[in-house]
Amino acid sequence: MSILSYNGGCVLAMKGKGCVAIASDRRFGVQTSTLAMDFQRIFEMGPHLYVGLPGLATDTLTVHERLRFRLNLYELRESRKIKPQTFSAMVSNLLYERRFGPYFVEPVIAGLDPVTWEPFISAMDLIGCPNVPEDFVVAGTCAEQLFGMCEALWEPNLEPDSLFETISQALMNAFDRDAISGWGGIVHVIEKDKVTTRLLKTRMD
Amino acid sequence: MECVLGISCNDFVILASDMTNAHSILVNKQDEDKMFKLSDRLLMAVTGESGDTTQFAEYIEKNIQLYKMRNGYELSPPAAANFTRRNLADSLRSRSPYMVNFLLAGYSERTGPELYWMDYLASMIKTPFATHGYGGMFSIAIMDRYYRPDLTEEEAYDILKKCVAEIQKRLIINLPNFQVKVLDKNGIRALNVIKSQNLTA
């Protein structure tokens with residue numbers, strides 16, 4: 001029994017042209033038993049900043065609470081919205097503080113810079129090692145499947161609508177090959193002037 | 001070995017828990033009350049490590065009452081659930097974590113009835129129906145089949161009777177009695193205990 005695959009779940013994020021998208025499945029289960037189909041893994045941390053926290057569900061909730069606390073203090077002290085790069089460093093710091101007793105989550109961050117509107121995505125492992133690529137990031141129990149789908153489907157400079165289709169297909173076809181992920185999907189497409197959230201109609205098994 | 005069931009509908013939440021208290025092969029009593037009244041509008045059905053269950057439930061109960069005394073009004077069900085989760089999550093990585101799984105039923109004037117499922121790792125979900133235990137594995141599928149948000153109290157009680165009948169038929173552990181309590185806008189009320197004699201009759 002691996003702790004990171006106790007509850008199941010997956011998250012991925014992709015960069016597009018002036019936009020980013022982040023998506024996750026909605027299953028909450030205890031090993032092979034499914035208990036909920038509306039579990040929230042992606043959290044809004046700012047108007048153009050989202051973080052996905054796949055992994056052990058209790059730590060998903062705890063890390064979200066702790067992160068929201070730190071972010072609120074940051075925004076009160078700095079009187080401005082946090083940049084995605086800074087937020088990524090904040091998450092990494094929170095996780096590394098628990099280096100020898102870690103939170104069992106592998107965060108995925110997607111956002112737009114609040115000043116320059118530059119797209120930003122990053123991911124990290126459970127002890128906060130950051131990965132800041134130019135294309136896509138994946139995490140969760142079907143990470144390998146997600147890697148394969150993203151590598152096949154992603155191309156640079158996708159418009160928001162195409163990015164939505166791409167990320168949805170990557171997510172759905174990857175979690176259909178994983179027993180403990182799936183049961184619905186949710187996609188957030190973050191652009192400069194709006195964030196579009198869509199629920200995916202998927203195989204409910 | 002223990003089992004708790006819960007169903008939340010438009011007007012009420014109904015909880016059922018088995019009444020067996022056992023240590024290994026020995027049954028201590030068959031009329032144990034595993035439901036804790038946290039306040040007039042909050043009810044918790046707890047399973048898990050003997051001792052931890054009572055300690056944790058009473059700790060939460062007293063803190064809920066303390067909040068009411070200090071502030072003059074009660075915690076709402078989501079606030080109480082998150083408070084409980086926070087305590088369980090903090091204890092998880094401590095020297096001796098609480099080993100409890102429970103269902104928390106709440107009713108508020110603003111949002112209506114709510115049911116929260118929480119396990120010993122402090123994972124929490126708000127859900128229309130939920131179970132804990134081996135008996136719960138049979139029951140959750142029965143609830144999937146028959147649940148509707150607009151069930152009446154009698155219909156929900158019937159679904160619980162179906163669940164208990166299945167548990168008593170298929171679970172190797174004998175759980176003869178199930179206590180049932182309902183929480184609605186008028187508070188907490190106990191319904192008839194579901195006994196194995198009544199079901200086979």
Side-chain angles (χ1 to χ4, degrees), chain A residues 1-9 24-43 53-70 72 94-105 126-127 140-141 180 183-184 186 204-205, chain B residues 3-8 47-48 56 78-79 81-104 114-145 147 149 171:
Chain A
M1 183 201 91
S2 164
I3 307 176
L4 283 170
S5 56
Y6 184 73
N7 293 125
S24 82
D25 69 333
R26 308 200 77 205
R27 179 183 179 272
F28 169 80
V30 170
Q31 293 182 309
T32 54
S33 185
T34 299
L35 297 168
M37 284 87 88
D38 57 358
F39 188 69
Q40 188 187 7
R41 267 185 194 95
I42 298 179
F43 302 97
L53 298 167
L56 194 63
T58 178
D59 287 343
T60 299
L61 298 168
T62 301
V63 170
H64 163 61
E65 286 165 15
R66 294 213 191 283
L67 218 43
R68 195 176 50 184
F69 173 77
R70 289 196 189 195
N72 284 345
L94 191 154
L95 294 174
Y96 198 81
E97 275 180 356
R98 294 272 170 270
R99 171 63 178 83
F100 298 107
Y103 291 118
F104 296 101
V105 289
L126 77 172
I127 48 173
T141 49
I180 51 175
W183 284 94
I186 187 165
M204 297 300 269
D205 62 356
Chain B
C3 176
V4 293
L5 319 168
I7 303 179
S8 163
T47 68
F56 183 75
N82 279 299
F83 168 73
T84 311
R85 193 203 92 76
R86 175 47 34 210
N87 277 29
L88 204 51
D90 287 340
S91 97
L92 180 65
R93 286 177 157 90
S94 72
R95 208 181 25 86
S96 64
Y98 286 112
M99 190 67 168
V100 293
N101 304 307
F102 56 90
L103 298 180
L104 181 64
E114 296 185 339
L115 179 65
Y116 293 90
W117 176 101
M118 220 174 307
D119 74 354
Y120 68 101
L121 297 172
S123 316
M124 180 174 82
I125 51 170
K126 178 169 165 310
T127 177
F129 51 87
T131 66
H132 273 298
Y134 291 123
M137 291 182 185
F138 305 116
S139 310
I140 195 81
I142 298 176
M143 291 177 184
D144 269 323
R145 169 69 181 81
Y147 174 79
L171 187 63

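Atoms considered below: every heavy atom in the structure, side chains included; atoms not considered: hydrogens, waters and symmetry mates. As the structure is a prediction and not an experimental result, all values here were calculated from the model. Throughout, protein chains are lettered first and strands after them, A, B, ... in sequence-line order, and every chain is numbered starting at 1.
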(request) Go through the atoms of Ser33(A) and report whether side chain, backbone, both or neither lie under 4.5 Å from a heavy atom of chain B. (result) neither
(message) Can you tell me which portion of Gln40(A) sits under 4.5 Å from chain B's heavy atoms? Options are side chain, backbone, both or neither.
(response) neither
(message) Under 4.5 Å from any heavy atom of chain A, what part of Ile125(B) do you find: side chain, backbone, both or neither?
(response) side chain
(message) Heavy-atom cut-off 4.5 Å, strictly under: side chain, backbone, both or neither for Met124(B) against chain A?
(response) both
(request) Please determine which of Thr141(A), Asp38(A), Thr34(A) meets the side-chain contact (heavy atoms from CB on, under 4.5 Å) test together with Arg27(A). (result) Thr34(A)
(request) From the options Asp119(B), Leu88(B), Thr47(B), select the one residue that forms a side-chain contact (heavy atoms from CB on, under 4.5 Å) with Val100(B). (result) Leu88(B)
(message) Tell me whether Glu65(A) is salt-bridged to Arg85(B), with the criterion being a basic N under 4.0 Å from an acidic carboxylate O.
(response) yes
(message) Check this for me: Tyr134(B), atom OH, are more than 12 non-hydrogen atoms of other residues, nucleotides or ligands nearer than 6.0 Å?
(response) no
